[in-house]
Structure formats: C-alpha cells, structure tokens
Amino acid sequence: MPVPGPSPAQSSLPAAAARFGAHGHGRGADAVTVGRPALPTGPALPFGPAAARTSHSTPAASPVPGGAPGGDLVAEPARGAAAATATPSPALERIMRGPSGVGTEGLFFFTPHRARSAAPAPEAPAPPPAAEGRPIPGLYHHPVPEPDPARVAEVSRRIKRWAVDEVEAYPPEWEDQFDGFSVGRYMVACHPDAPTVDHLMIATRLMVAENVVDDCYCEDHGGSPVGLGGRLLLAHTALDPVHTTAEYEPAWAETLLSDAPRRSYRSAMEYFTRAATPSQADRFRHDMARLHMGYLAEAAWAETKYVPEVSEYLAMRQFNNFRPCPTITDTVGGYELPAELHAMPAMQRVIALAGNATTISNDLYSYTKELESPGMHLNLPVVIAEREGLSDREAYLKAVEVHNDLMHAFEAAAAELAVSCPDPRVVRFLRGVAVWVDGNHYWHQTNTYRYSLPDFW
Ligand SMILES: CC(C)=CCC/C(C)=C(\C)COP(=O)(O)OP(=O)(O)O
Ligand SMILES: [Mg+2]
C-alpha cells in the first residue's frame with residue numbers, strides 16, 4: 001500500500017458515493033428523552049491496561065498499532081458514558097460510571113471530568129460542524145454528550161490519511177462526501193471509553209471498510225445483487241485468510257489489493273488483529289460472516305423482487321446488521337470479554353437485541369434516503385406497509401414501536417445478565433454495548449448531511 005493505478009475496484013468506486021453521499025437536511029421533530037431502566041451495580045471493576053492482563057492467558061488488547069508518533073496525545077478518554085442517560089437511575093448510573101470511592105480512581109477506564117491535556121495536531125482539519133438534527137418523535141433513545149472535539153478532529157485527520165494514502169478507499173472528488181459521513185464523530189461518540197486515539201482508529205477503519213464494501217458491492221451505485229456472493233466471499237478472505245498451496249497462494253494474495261473493498265477490509269483487519277486477542281478476532285470474523293449472509297439474503301430478495309414477511313425481514317436484518325461494531329467494544333476499550341462469557345446464550349441475546357435495535361433505528365433515519373433510491377429499497381416501514389396493508393405513515397409509526405420494543409428488550413436482557421453474571425468484564429462489556437447503541441443513535445440523529453425525517457408528525 002498504497003496500491004497504484006486504477007483497478008477493477010475503481011470502476012466500482014463511484015459506489016462509495018452512496019455511503020458517503022449527501023442526502024438532504026433534517027426536518028423538525030420533537031425530542032424525546034427517556035431514562036434507561038435500572039441495572040444492578042457490579043463489583044469494583046479492575047479496568048485499565050494492566051488489569052486487562054490479569055485474569056486470562058490471552059494477551060491484553062492494547063497497546064494498539066498504527067498510531068502516529070505521539071499517538072497518545074489525545075489519550076485522555078472522552079466524557080463519561082453516564083451522561084448518555086437522560087434520567088438515569090442510581091443503579092444504572094453506577095454501572096455506567098464504574099467504581100467509586102477512595103482508591104478507585106485507577107480503576108476507571110475513562111474519567112468523565114478530568115481535563116484533557118492535548119490539542120489536535122496542528123495540521124488537523126476542522127471537523128464538520130456539529131449537526132443538530134432532531135430525534136424521531138417517540139423513538140426510545142438516550143442522548144449522549146457531544147463527542148470530545150479534540151478526539152473527533154484527530155480521528156478525522158487520521159482516517160482520511162488511511163483512506164486516501166493507505167487503501168485508496170475513494171477517489172479525491174468524493175472528499176466532501178467522505179467528510180460528510182463524519183465517521184470520526186461517529187466512532188468517538190460510540191466508544192467514549194477508548195483509552196487512546198489509536199484504539200479509536202481500530203473501530204474507525206473497520207467502520208469505513210464495512211461501508212465501502214456495502215456501497216461498492218451491494219448498493220445501487222455500482223453494487224448489485226448480481227454476482228454478489230462471489231464478490232463477498234472473496235472479500236471475506238481479507239478477514240479470514242485462505243490457506244492454500246504455494247502455487248495458488250500468490251494469486252489469492254494479489255486479489256486482496258485489487259479493489260477498494262478488499263484493500264479496505266485487509267488493512268483494517270490487519271490493524272484490528274494486531275490489537276485483538278485471537279478469540280476477539282475470531283468473534284469478529286464470525287460476526288462479519290453473519291453480516292455477509294444478511295447481505296446475500298437481501299440481494300436474493302432484490303433479484304427475485306420478493307417482499308419478505310415482516311418476520312422474515314426482521315430475521316434478515318438481524319444479520320445485515322450493525323452487530324460487528326458494538327461487539328468490538330472490548331478491543332477498542334483495551335480489555336477482553338473472554339470467549340466463554342461472550343458465548344453465553346444470555347450474552348448472545350443481549351448482543352442480538354442491541355444490534356437489532358440499532359439497525360431498525362437506521363431503517364427509520366434512512367427511510368427518506370432509501371425512498372429516493374432506485375427500485376424498492378427494503379426497510380422496516382416499507383415492508384410493514386407492503387405486507388400489512390398500512391399507510392406509509394402508519395407503517396413508519398409501527399416501525400418506531402418495533403424499535404422501542406427491541407430497545408426495551410435489550411435493556412431488560414442486559415439488566416438480567418448483569419444480575420445473574422456480575423463478572424466485571426461482563427458488566428463493562430454490557431455498558432460498552434449500551435453506549436455504542438446510544439452513540440449510534442446520536443450519529444444518525446445528527447447526520448443531517450445524510451439523513452432527513454419524513455413529514456409524518
Ligand atoms: C457498519 C456496518 C457493519 C454496517 C453493516 C450493515 C449496514 C450497512 C447497516 C446496518 C446500515 O444500513 P444501510 O445499508 O441501510 O445504511 P444507510 O441507511 O444507507 O445509511
Ligand atoms: Mg438504511
């Protein structure tokens with residue numbers, strides 16, 4: 001890297017405009033803020049890089065690679081996730097904040113009120129102005145504090161360098177659109193407990209790569225359902241390498257550089273695996289295989305013009321889902337949720353519900369953008385309208401209720417698990433997932449460059 005010259009991928013590069021493109025401006029809607037239900041307080045949390053190494057033989061998830069010299073300049077973690085709750089209960093507040101009391105200062109994985117000492121690098125571009133946006137009326141969510149601007153500026157600067165210089169993820173003429181995607185703001189909002197900017201970059205590269213793949217392979221602008229299986233499988237080998245014979249290995253390795261999606265996946269995964277434990281990397285590969293299976297089901301239905309039942313749509317959307325993003329919260333936080341705790345059925349339920357709530361939230365915020373795209377773009381309101389014979393407005397409002405039910409189920413399941421398994425790593429992971437859900441909502445609400453609300457209220 002960088003990979004010189006035009007490549008097969010660059011013929012499909014215009015597809016990235018879909019993900020990084022502009023989509024109008026948000027209209028007004030009344031803000032609804034609601035508190036999270038009470039979760040139990042876990043034991044004192046032995047957080048921090050050293051503690052992350054104590055209980056498992058696998059290496060801790062930090063330090064991370066890829067930082068520029070002085071990469072920890074913005075190492076002071078961002079604001080407390082506790083502030084993400086509108087009306088927090090004392091129990092929840094404790095779980096969101098971690099331990100308190102004399103001698104617990106060193107146990108915090110982030111310190112909400114400590115002053116940050118660093119400024120963004122002098123050459124850092126100003127981040128896009130914070131967009132206000134409006135939340136969808138009646139949508140159950142938790143507001144978050146504005147993400148730390150120093151971190152946003154630094155992540156934005158570094159991700160641009162990576163996308164342009166290391167992987168050629170998009171052509172220069174789409175710079176504005178890439179900036180409009182505001183991935184730095186997105187990831188800083190979703191990972192307030194990341195110990196350093198290097199840790200944030202792990203999530204940010206993967207987020208960009210996942211969107212490049214979706215745009216270039218799946219979506220209307222250059223992507224297509226036709227032949228998607230072959231493209232996705234080969235891209236998946238950038239995450240899950242092929243072990244083959246000496247004769248065929250070089251040809252496969254070369255394919256990994258042959259288009260923007262594969263270059264992006266390959267590089268983002270390389271940074272990720274340097275920071276992750278083997279079990280975290282395997283978890284991520286599994287989640288990405290789930291995602292790719294979801295893309296394929298959506299594509300198959302598009303090819304045959306099949307409109308799924310609502311239950312079928314929700315099943316597909318559990319796979320074509322944000323899940324790979326919140327489930328790296330421990331790697332980005334510099335600790336590990338061990339495989340046996342991650343695999344617990346109760347944890348799997350929490351993760352699935354969180355992923356589903358965030359993804360249906362996307363269906364709602366991206367509704368107008370997707371109505372404008374060619375053909376019928378499936379999302380929950382569209383499927384409910386088609387299958388249940390409701391008006392567009394009725395279907396949209398019903399989809400809001402489905403989202404809210406998923407959010408409540410997620411929070412109830414997380415609270416139950418924290419009670420039944422108060423392992424500090426479980427509690428911290430649950431908190432990380434909850435904060436990711438809130439940060440994801442924040443990004444959708446405020447990204448008026450990309451999303452606008454329908455006129456249903
Ligand atoms: C970041 C990531 C793992 C994405 C995978 C699935 C995905 C692209 C989404 C859940 C977003 O949905 P959608 O494709 O509808 O995105 P937009 O509405 O176009 O923003
Ligand atoms: Mg969408």
Side-chain angles (χ1 to χ4, degrees), residues 15-24 136 177 180-183 186-187 190-191 202-223 225 228 232 235-236 239 261 264-265 268-269 272 284-299 302 313-314 316-329 332 351-352 354-374 376-383 396 399 403 406 436-437 439-441 443-454:
R19 183 70 44 195
F20 301 125
H23 293 283
I136 291 168
Q177 296 159 359
F181 190 74
S182 304
V183 69
Y186 194 177
M187 292 298 93
C190 285
H191 294 282
I202 294 168
T204 310
R205 288 185 208 94
L206 287 171
M207 175 58 78
V208 170
E210 286 150 0
N211 280 285
V212 170
V213 170
D214 190 37
D215 282 345
C216 293
Y217 283 177
C218 309
E219 299 284 348
D220 300 316
H221 303 264
L228 179 62
L232 274 183
H236 193 85
L239 312 174
S264 304
Y265 260 3
M269 187 65 180
F272 175 73
F284 180 71
R285 289 187 194 100
H286 189 181
D287 282 346
M288 293 301 286
R290 286 184 167 108
L291 174 66
H292 294 153
M293 192 159 65
Y295 286 166
L296 290 175
E298 183 184 50
Y313 175 79
L314 289 170
M316 181 278 287
R317 207 57 169 132
Q318 176 163 312
F319 292 82
N320 178 351
N321 189 287
F322 283 120
R323 179 185 176 122
C325 310
T327 51
I328 60 169
T329 183
V332 179
I351 290 170
N356 291 348
T358 58
T359 304
I360 298 307
S361 174
N362 171 275
D363 278 13
L364 293 164
Y365 278 101
S366 63
Y367 175 74
T368 59
K369 170 171 92 70
E370 288 167 357
L371 279 186
E372 284 160 19
S373 64
M376 178 188 275
H377 193 300
L378 296 184
N379 56 47
L380 187 59
V382 162
V383 173
Y396 189 94
H403 167 273
L406 288 167
W436 200 94
V437 169
N440 182 65
H441 175 271
W443 178 79
H444 280 83
Q445 176 199 320
T446 56
N447 198 335
T448 53
Y449 183 83
R450 184 171 177 78
Y451 304 121
S452 64
L453 299 186

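All ligand and atom numbering here is 1-based and tracks the order in the structure. Positions are given from 1, in the same order as the sequence printed here.
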J.: Can you tell me if, anywhere in E370, an N/O/S atom lies at a distance from the Mg ion (ligand 2) that is smaller than 2.8 Å?
T.: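 It does; at least one qualifying atom falls short of 2.8 Å.
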
J.: Under 2.8 Å from the Mg ion (ligand 2), is there any N, O or S atom belonging to N379?
T.: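 Given the 2.8 Å cut-off, N379 does not count as a ligand of the Mg ion (ligand 2).
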
J.: Backbone, side chain, both or neither: what part of L291 comes under 4.0 angstrom of ligand 1, heavy atoms only?
T.: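 Only the side chain of L291 comes within reach of ligand 1.
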
J.: Ignoring angles and geometry beyond distance, decide whether R317 reaches within less than 3.5 Å of ligand 1 through its nitrogen or oxygen atoms.
T.: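 Yes, R317 has an N/O under 3.5 Å of an N/O on ligand 1.
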
J.: Does any N or O of ligand 1 fall below 3.5 Å from an N or O anywhere on D214, backbone included?
T.: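 Yes, since at least one N or O of D214 sits under 3.5 Å from an N or O of ligand 1.
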
J.: Let me confirm one number: the CZ-CG distance from R317 to L380, rounded to the nearest 0.5 Å.
T.: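 If we round to the nearest 0.5 Å, R317:CZ and L380:CG are 9.5 Å apart.
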
J.: So is E370 polar-close to ligand 1, meaning N/O to N/O under 3.5 Å?
T.: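 Between E370 and ligand 1, an N or O pair is found under 3.5 Å apart.
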
J.: Do you know which two heavy atoms are closest between D287 and R290, and how far apart they sit?
T.: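 Taking every non-hydrogen atom into account, OD1-NH1, 2.7 Å.
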
J.: Please indicate whether any nitrogen or oxygen in Y451 is less than 3.5 Å from any nitrogen or oxygen in ligand 1.
T.: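 Yes.
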
J.: Restricting to N/O/S atoms, is Y365 within less than 2.8 Å of the Mg ion (ligand 2) or not?
T.: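 Given the 2.8 Å cut-off, Y365 does not count as a ligand of the Mg ion (ligand 2).
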
J.: Report yes if N362 has an N/O atom closer than 3.5 Å to an N/O atom of ligand 1; otherwise report no.
T.: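 N362 vs ligand 1: N/O contact under 3.5 Å present.
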
J.: Can you tell me how far the OH atom of Y217 sits from the CG atom of L228, to the nearest 0.5 Å?
T.: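 The distance works out to 9.5 Å.
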
J.: Does ligand 1 come near enough to S366 that some N or O of the ligand is less than 3.5 Å from an N or O of the residue?
T.: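 Yes: some nitrogen or oxygen of S366 is under 3.5 Å from one in ligand 1.
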
J.: Side chain or backbone of F181 under 4.0 Å from ligand 1, or both, or neither, by non-hydrogen atoms?
T.: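 Within the 4.0 Å criterion, F181 makes no contact with ligand 1.
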
J.: Can you tell me how far apart OH (Y396) and CG (L453) are? Round to the nearest 0.5 Å.
T.: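 It comes to 5.5 Å.
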
J.: Any non-hydrogen side-chain atom of T358 less than 4.5 Å from a side-chain atom of W436?
T.: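 T358 vs W436: side chains touch.
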
J.: Just checking, is any N or O donor in the side chain of Y265 or H236 under 3.5 Å from an acceptor N or O on the other one?
T.: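 Their side chains do not contain a donor-acceptor pair, so the 3.5 Å distance test is not met.
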
J.: Answer yes or no for Y295: is there a heavy-atom contact with ligand 1 below 4.0 Å?
T.: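 Contact present.
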
J.: On a heavy-atom basis, I'd like to know which of N320, V213, N379 is closest to atom 7 (C) of ligand 1.
T.: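 Answer by nearest heavy atom: N320.
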
J.: Which heavy atom in F284 sits nearest to a heavy atom in E210, and how many Å separate them?
T.: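 Heavy atoms of F284 and E210 come nearest at CZ-OE2, 3.5 Å.
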
J.: Rounded to the nearest 0.5 Å, what separates atom CG in N440 from atom CZ in F322?
T.: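 So the CG of N440 and the CZ of F322 are separated by 5.0 Å.
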
J.: Could you say whether the N/O atoms of K369 and ligand 1 ever approach to under 3.5 Å?
T.: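 The answer is yes, given that K369 and ligand 1 share an N or O pair closer than 3.5 Å.
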
